Amino acid sequence: MKCLLSKMSSLLFCFIVLLAVSCEKDRSSDEQNESLQSVTFKISGFSNAVTPFKTASKANAQASSNTSATQKYVEGKLYFWSFNHETLEPDIAFQAMEKPSIISDGSISYVAGYSFEEYEAGKSLSIRGTTELLIKIPIQGADQITQFGFDTGSSGTGPKDFELYYSLDNGISYQPLQLSNQFPNTKTDYSKSSFNYSLADKNITGSSLWFKFIPKEGVRGEAPNFNPVGGTWRFDNIRLLGMALSSQVGSPINKLHYFLFHKDKPELVVTGIVDYEEASNLTLSLAKGRYSICFIANESTQDLLVPEKP
């Protein structure tokens, strides 16, 4: 499942096995003083692009044209939850000053999810016996909030309809966004239902945007009776779309990580990180031998989590 700033939040994994220059090793030399050879890697295909907001108003377009090259407006997912890592932390968050939160009075777990765009199905958030679900999303610094969407499903005894409200005063008061949201398919348990709501005309401003879900029995068709206590409700691919200045959403790291593993000497591991500018012509000094090599390109706005001993 991907992101604001076009391809800024993607990780590209390239696995290459290299047969290095294989000269006969001087058997009499000490291994610690073994001669090194320079090996150059020619790598291409790294690029970074900023996509302007396609449906921006004339006023916003004019504002965008008056900003500097590093202050361009960009569109996309301001927030996105795939739940594939079995956490309530979002995969994408356009600002790090304040974290969003998902609050429920039911018991939560992570179960099979729904695919969305480039995101695999993975996991989804499952809530049992909830009477209310709240999502608090910080929006300070966003120029425009345009759309809210998610995929959902429920067990046979779960809700088949819900009410949806939003708040701009930290949950003190709520306005209805849509009061009837009947699931289109009730014949199969956990069948995917997708909902999208336009927010462009809501004049959403302030420090945070709250959403409140109230489950309802709904039209059940062949589904069993609604059980507010035992029924479960799944959420996946929760997303808030809009636009913000590129400097506010963070700059992509654009680093290339490399890991070289000597096939005959497991203790010999060569690792490093270079900027994309250096990646196109990467020269390393290596001991003679055969290597397995892994290149990882990080185009996201967060550092990779790499083990100390890969």
Side-chain angles (χ1 to χ4, degrees), residues 1-10 49-67 71-83 90-102 114 116-119 133-152 162-171 173-181 193-213 235-252 300-301:
M1 302 167 238
K2 266 180 194 165
C3 71
L4 177 61
L5 299 179
S6 191
K7 298 181 180 176
M8 287 181 181
S9 302
S10 64
V50 175
T51 305
F53 191 58
K54 297 175 183 178
T55 58
S57 65
K58 291 183 178 179
N60 285 330
Q62 180 64 34
S64 179
S65 66
N66 291 334
T67 59
Q71 290 282 307
K72 293 180 180 178
Y73 285 94
V74 291
E75 67 154 328
K77 302 179 186 73
L78 299 181
Y79 290 90
F80 183 83
W81 285 262
S82 74
F83 302 108
D91 298 62
I92 299 171
F94 93 103
Q95 58 109 316
M97 293 182 294
E98 184 180 356
K99 290 186 176 182
S101 57
I102 298 178
Y114 309 107
F116 177 77
E117 294 181 351
E118 70 275 13
Y119 289 89
L133 174 68
L134 300 176
I135 302 179
K136 176 190 175 183
I137 307 178
I139 59 171
Q140 188 169 4
D143 182 72
Q144 190 175 18
I145 307 296
T146 59
Q147 189 181 101
F148 177 64
F150 54 90
D151 297 323
T152 189
F162 59 92
E163 297 176 359
L164 180 57
Y165 302 84
Y166 73 97
S167 171
L168 297 175
D169 58 4
N170 293 316
S173 61
Y174 284 90
Q175 301 294 324
L177 185 57
Q178 190 160 309
L179 297 180
S180 178
N181 301 272
S193 296
S194 298
F195 293 90
N196 291 284
Y197 306 90
S198 175
L199 304 176
D201 61 344
K202 301 298 183 184
N203 191 28
I204 294 177
T205 59
S207 60
S208 62
L209 171 62
W210 291 61
F211 291 102
K212 179 166 70 173
F213 296 79
F235 287 88
D236 203 357
N237 307 314
I238 298 175
R239 52 207 179 261
L240 183 71
L241 278 63
M243 73 174 181
L245 291 174
S246 59
S247 62
Q248 293 173 324
V249 299
S251 300
S300 75
T301 58

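Predicted model only: the values in this text are computed from it and were never measured.
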For the pair F235 and F150, name the ring-plane relationship: parallel under 30°, tilted 30 to 60°, perpendicular over 60°.
-> tilted
Are I135 and I238 close enough, and set up right, to give a side-chain contact (heavy atoms from CB on, under 4.5 Å), and what steps lead you there?
-> CA-CA 10 Å; I135 302 179; I238 298 175; 4.0 Å; yes
Distance (rounded to the nearest 0.5 Å) between I102 CD1 and K136 NZ | 13.0 Å
How many angstroms lie between atom CG of L240 and atom OH of Y79, to the nearest 0.5 angstrom?
-> 8.0 Å
Looking at CZ of F162 and CD of Q178, how far apart are the two atoms once the value is rounded to the nearest 0.5 Å?
-> 7.5 Å
First locate atom CG of L177, then atom CZ of F148, and finally report the distance between them rounded to the nearest 0.5 Å.
-> 8.5 Å
For the ring pair Y166 and Y174, is the centre-to-centre distance below 6.0 Å?
-> no
To the nearest 0.5 Å, tell me how far F213 CZ sits from L134 CG.
-> 9.5 Å
Please report, to 0.1 Å, the donor-acceptor pairs under 3.5 Å made by any side chain of residues 196-203, with sequence neighbours excluded.
from : atom 1 : to   : atom 2 : distance (Å)
N196 : OD1    : R239 : NH2    : 3.3
Y197 : OH     : N181 : OD1    : 2.7

N237 side chain vs S82 backbone, donor-acceptor pair below 3.5 Å | no
Closest approach of K77 and I92, non-hydrogen atoms and distance?
-> O-CG2, 3.4 Å
Specify the closest pair of heavy atoms between P176 and Y165, including all atoms of both residues, with the distance to one decimal.
-> CA-CD2, 3.5 Å
Polar side-chain atom of S167 near backbone of S173 as donor-acceptor pair, under 3.5 Å | yes
By side-chain hydrogen bond (donor to acceptor under 3.5 Å, both in side chains), which residues pair with S208, not counting sequence neighbours?
-> N170, W210
Calculate, to the nearest 0.5 Å, the distance between atoms CG and CD1 belonging to L78 and I139 respectively.
-> 9.0 Å
Under a 4.5 Å cut-off applied to non-hydrogen side-chain atoms, are P138 and S207 in contact?
-> no
